[in-house]
Amino acid sequence: SIVGPQQGQPHQTASASRLITLAKYRELRDGMSYYGATEILGRDGAEVSRNTLDMPGGELRTVMYAWQNPDGSNMNAMFQNDRMVSRAQWGLR
């Protein structure tokens, strides 16, 4: 296998670990933090949208993130005040 110039890891292993898989998706749980989700998924998501509402009990911050694999399979997750409230996937294996 081809070894990366700095990591000393085969490219296949490095790129495979960054793939979003159905197994990783199934480990996610409502209520977990964005950081906790990225620890499972192995990389940050791309921020899709952000909204902040002033509520009687304080601010409600909602952020949607998306993760996409090279083959087009993908997932997204919504966090409110840094807690996962929903997620969806398409084509993960």
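Sparse packing is recorded around CZ of R26, with 12 or fewer heavy atoms of other residues, nucleotides or ligands lying under 6.0 Å away.
Criterion: ILVMFWY side-chain heavy atoms under 4.5 Å apart, direct or through other members. Under it, L92 and M64 are not part of a common hydrophobic cluster. In this structure, Y65 is not a member of the same hydrophobic cluster as L19, with clusters built from ILVMFWY side-chain heavy atoms closer than 4.5 Å. The hydrophobic clustering, which links ILVMFWY residues whose side-chain heavy atoms are closer than 4.5 Å, places L22 and M84 together. Under the 4.5 Å side-chain heavy-atom criterion for grouping Ile, Leu, Val, Met, Phe, Trp and Tyr, M78 is not connected to Y25 through any hydrophobic cluster.
For the atom pair OG1 (T21) and CD1 (I40), the distance works out to 10.5 Å, reported to the nearest 0.5 Å. Atom CG in N76 sits 9.5 Å away from atom OG in S49 (nearest 0.5 Å). Rounded to the nearest 0.5 angstrom, I20 CD1 and L41 CG are separated by 4.5 Å.
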Chi angles and distances behind the salt bridge (Lys or Arg N to Asp or Glu O under 4.0 Å) call for R93, D71: CA-CA 11 Å; R93 294 181 289 199; D71 68 357; 2.9 Å; yes
Side chain to side chain contact (heavy atoms under 4.5 Å, CB included) evaluation trace for D44 with Y34: CA-CA 9 Å; D44 286 330; Y34 173 74; 3.3 Å; yes
Step-by-step salt bridge (Lys or Arg N to Asp or Glu O under 4.0 Å) determination, R87 to D30: CA-CA 8 Å; R87 62 193 179 281; D30 285 351; 3.0 Å; yes
Side chain to side chain contact (heavy atoms under 4.5 Å, CB included) between E47 and V63, intermediate numbers included: CA-CA 7 Å; E47 186 175 308; V63 185; 3.8 Å; yes
Derivation of the side chain to side chain contact (heavy atoms under 4.5 Å, CB included) call for N51 and L60: CA-CA 8 Å; N51 188 28; L60 177 63; over 6 Å; no
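The shortest heavy-atom contact between G91 and S73 is O-CB, 3.3 Å. The two residues V48 and A66 come nearest to each other via the heavy atoms CG2-CB, 3.6 Å.
Put simply, the residue from K24, R18, M75 that forms a side chain to side chain contact (heavy atoms under 4.5 Å, CB included) with W67 is M75.
In this model, a donor atom of one side chain and an acceptor atom of the other lie less than 3.5 Å apart for T62 and Q80.
A heavy-atom distance below 4.5 Å is found between the side chains of D54 and E59.
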